[in-house]
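Residue numbering restarts at 1 for every chain, and letters A, B, ... go by the order of the sequence lines. Side-chain atoms are counted along with the backbone in the values below, which use heavy atoms only and exclude waters and symmetry mates.
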Amino acid sequence: MDTPSSAFGSRASERAMRIWTLVVLAFIYLPMVAVVLASLSKIRFFMFPIKSWSLEWYGSVLGSIEIRDYLWTSVLIAALVTLISVLLAIAGALAFARYDWKGRTLYQKLILLPIFFPQAVLGLAILLWSSAWDIAPGWELAVFAHLVWIVPVVTLVISIQVYGFDPAVEEAAFDLGASRWQVFKEITLPILWPGIFSGALFAFLLSWGNFPLSTFTTGAEQTIPEWLYAKMVAGYTPQVPALGTLTTLLAGILLLGGYWLGTRGRKQ
Amino acid sequence: MSETILELKGVEKYFGDFVAVERINLSVKDGEFFTLVGPSGSGKTTMIRMLVGMDKPSRGDILMSGERVNDVPANRRPTCMVFQSLALFPHKSVGENIEFPLKLRGEAKHNRKTRAIELLEQLHLSESYYSKKVSECSGGERQRVALARALAFDPQILFFDEPLSALDYRLRKTLEKELKDIQRRTGKTFVYITHSLEEAMVMSDRIAIMRKGRIVQVGTPDEIYNNPANGFVAQFMGEVNEFRVSRKDSQWLEDTETGAQYPAPPDSPVDEGVLIVRPERIRLLSADEKADSTFEGVVEHQYVLGSRVQYQVRVKERALLVETMIGQPFGVGDSVSLGWDADQSVLMSE
């Protein structure tokens with residue numbers, strides 16, 4: 001596209017801007033490209049430049065029963081975290097952005113605190129509490145730990161949507177004869193839906209990629225990020241970058257799919 | 001004689017220590033276009049929220065068709081409201097918006113659509129609007145959609161919370177007339193609130209003027225205009241000429257500041273107070289014309305208001321405001337004689 005140069009800018013500053021953008025993009029994407037390249041190496045060890053290429057590590061990742069187990073644990077945790085966090089966050093967001101109540105400003109600050117808490121410390125703290133209460137670590141505890149960190153994030157995401165809607169719309173529906181439940185089902189939920197959808201997406205991806213909380217709380221079970229970390233510390237094979245690439249792809253598809261669904265929904 | 005459909009008995013509403021409305025007694029007849037007028041903070045919004053059922057009065061009773069409805073929530077009252085923001089459902093089409101109350105009643109899709117299109121046409125919107133999105137409609141079209149949705153509900157009383165205030169002048173005037181027209185055709189009771197007395201005058205059968213949580217005067221537009229209950233009501237209509245006076249005799253009043261003499265309105269029991277003369281009640285007199293009182297003055301300013309013109313005329317120490325048809329043979333600096341008849345003024349004790 002031919003953009004007119006601004007009153008202050010010249011062609012040169014425009015070019016500098018473009019180069020800067022490219023540098024930033026390269027900076028962000030280079031590590032990922034390196035990982036993809038590493039996954040395509042035939043040799044077992046992590047080294048550059050790559051002398052011989054192969055897709056065999058992808059085959060071994062997809063064929064591994066062990067990895068399939070971890071995948072299942074990751075999906076189970078992420079799915080439950082998504083479901084529970086969205087349910088909690090809808091109520092939380094309405095309390096955050098919609099209703100006026102005593103203690104609301106305090107709540108708005110308290111709900112954000114867990115986001116800033118170092119995750120490793122949070123994970124350890126949850127592990128300590130659970131053992132004090134004789135709760136064995138496992139995927140259930142991991143779900144709880146993820147929720148502590150993710151619910152605030154999802155609450156914020158949905159709150160933004162809540163801020164953008166006129167409360168009179170709910171009153172109007174009520175005034176036209178709708179019950180409280182009908183107001184929620186017919187008005188509140190559909191209007192909040194874009195926010196709920198992005199909140200759910202966030203919840204899934206944040207849980208899916210989480211390492212510091214999972215490592216303390218999953219106990220004998222393992223998630224994909226945990227396995228990746230363990231393999232990197234000891235026993236590296238190009239399975240690690242191959243699995244890393246696959247999970248990144250999956251997350252990307254989920255995001256783009258979500259975006260596509262979102263825009264399609266708005267057009268209708 | 002039509003029956004009373006809405007009655008308020010000693011209604012009061014407090015928010016903590018704050019008294020929002022106080023000692024409200026009011027009755028609205030079936031089929032009436034009734035308007036509550038007041039400046040912001042006068043309690044009119046609190047009033048309408050209690051009437052539709054979104055707030056409960058702290059004291060007193062609200063009766064609809066003779067039944068006490070204080071504790072009946074908004075969704076079970078036979079009334080509905082057109083909101084100031086219109087509150088159209090942004091995720092639903094125009095048609096779905098209008099059909100909403102019918103859908104809640106379990107009407108079949110086909111019947112709903114027929115009714116929605118009927119209402120669209122009644123409000124001068126073509127059938128093609130049925131599937132449009134709300135965001136594709138202009139301000140005036142949205143007004144009509146909101147009204148159609150309220151009419152689809154088929155309320156006994158339809159409330160309006162200043163829905164026209166955000167529109168430009170011309171469109172507002174058009175919609176005011178349409179609204180009055182629809183009210184006449186449907187025969188429904190409309191209760192409207194606004195801060196504009198001018199708007200109220202155009203549409204209403206009766207008007208209640210509110211100030212600081214109380215009703216100051218209730219009457220027809222004519223009564224409000226000709227016999228304002230006090231200075232507040234008189235000024236609410238627009239600028240007026242005010243003179244502080246005391247009675248000289250049965251015929252004459254004396255200006256307490258300038259000593260000028262004005263004719264006393266007939267049969268006024270007031271001996272001391274404020275005499276109010278509307279700018280359009282003062283006449284500019286030609287040589288052979290007469291009024292109950294006549295003054296000589298000089299035109300200081302001239303303001304053209306479209307088809308009418310306002311002159312500020314200096315009469316000794318006072319500047320009088322005179323409004324008349326445009327096309328007068330006077331200009332700034334000209335000497336004029338002006339005057340008004342006794343029955344064209346109002347005397348009140350404040």
- request: Report yes or no: does B:His91 contribute a side-chain atom to a donor-acceptor pair with the main-chain N or O of A:Glu186 at less than 3.5 Å?
  value: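 Such a contact is found between B:His91 side chain and A:Glu186 backbone.
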- prompt: Is B:Asn75 reaching over with its side chain to a backbone N or O of A:Asp175, donor-acceptor style, under 3.5 angstrom?
  reply: no
- prompt: Side chains of B:Phe89 and A:Pro190: does their closest heavy-atom pair fall under 4.5 Å?
  reply: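 No, every pair of side-chain atoms sits at 4.5 Å or beyond.
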Taking [atom1] in [X] as the centre, count heavy atoms belonging to other residues, nucleotides or ligands within less than 6.0 Å. Is the count above 12?
X        : atom1 : answer
B:Arg76  : CZ    : no
A:Phe27  : CZ    : no
B:Glu136 : CD    : yes
A:Arg15  : CZ    : no
A:Met32  : CE    : yes
B:Lys9   : NZ    : no
A:Trp101 : CH2   : yes
A:Arg104 : CZ    : yes

- request: Please assess B:Lys103 against A:Gln182 for the test side-chain contact (heavy atoms from CB on, under 4.5 Å), listing each intermediate value before the final yes or no.
  value: CA-CA 11 Å; B:Lys103 189 179 170 190; A:Gln182 282 171 320; over 6 Å; no
Check each atom of [X] against the heavy atoms of chain A and say whether the ones under 4.5 Å are side chain, backbone, both or neither.
X        : answer
B:Leu86  : neither
B:Arg149 : both
B:Met81  : both

task: Specify which of B:Pro73, B:Gly53, B:Ala146, B:Ala74 makes the most heavy-atom pairs with chain A at under 4.5 Å.
output: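 The residue among B:Pro73, B:Gly53, B:Ala146, B:Ala74 with the greatest pair count is B:Ala74.
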task: Under 4.5 Å, counting heavy-atom pairs only, tell me which of B:Pro90, B:Ala150, B:Ala152, B:Ser93 racks up the most with chain A.
output: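 It is B:Pro90.
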- request: Taking all heavy atoms of B:Ala87 and all of A:Ala168, pick out the closest pair and write down the distance.
  value: CB-O, 3.5 Å
Shortest non-hydrogen contact between B:Leu104 and A:Ala173, atoms and distance: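 Reported closest heavy-atom pair: CD1-O, 4.5 Å.
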- prompt: Could you give the distance from OG (B:Ser85) to CG (A:Asp166), rounded to the nearest 0.5 Å?
  reply: 4.0 Å
- request: Would you sort out whether B:Val52 and A:Phe174 count as a side-chain contact (heavy atoms from CB on, under 4.5 Å), showing the intermediate values?
  value: CA-CA 11 Å; B:Val52 285; A:Phe174 185 65; over 6 Å; no
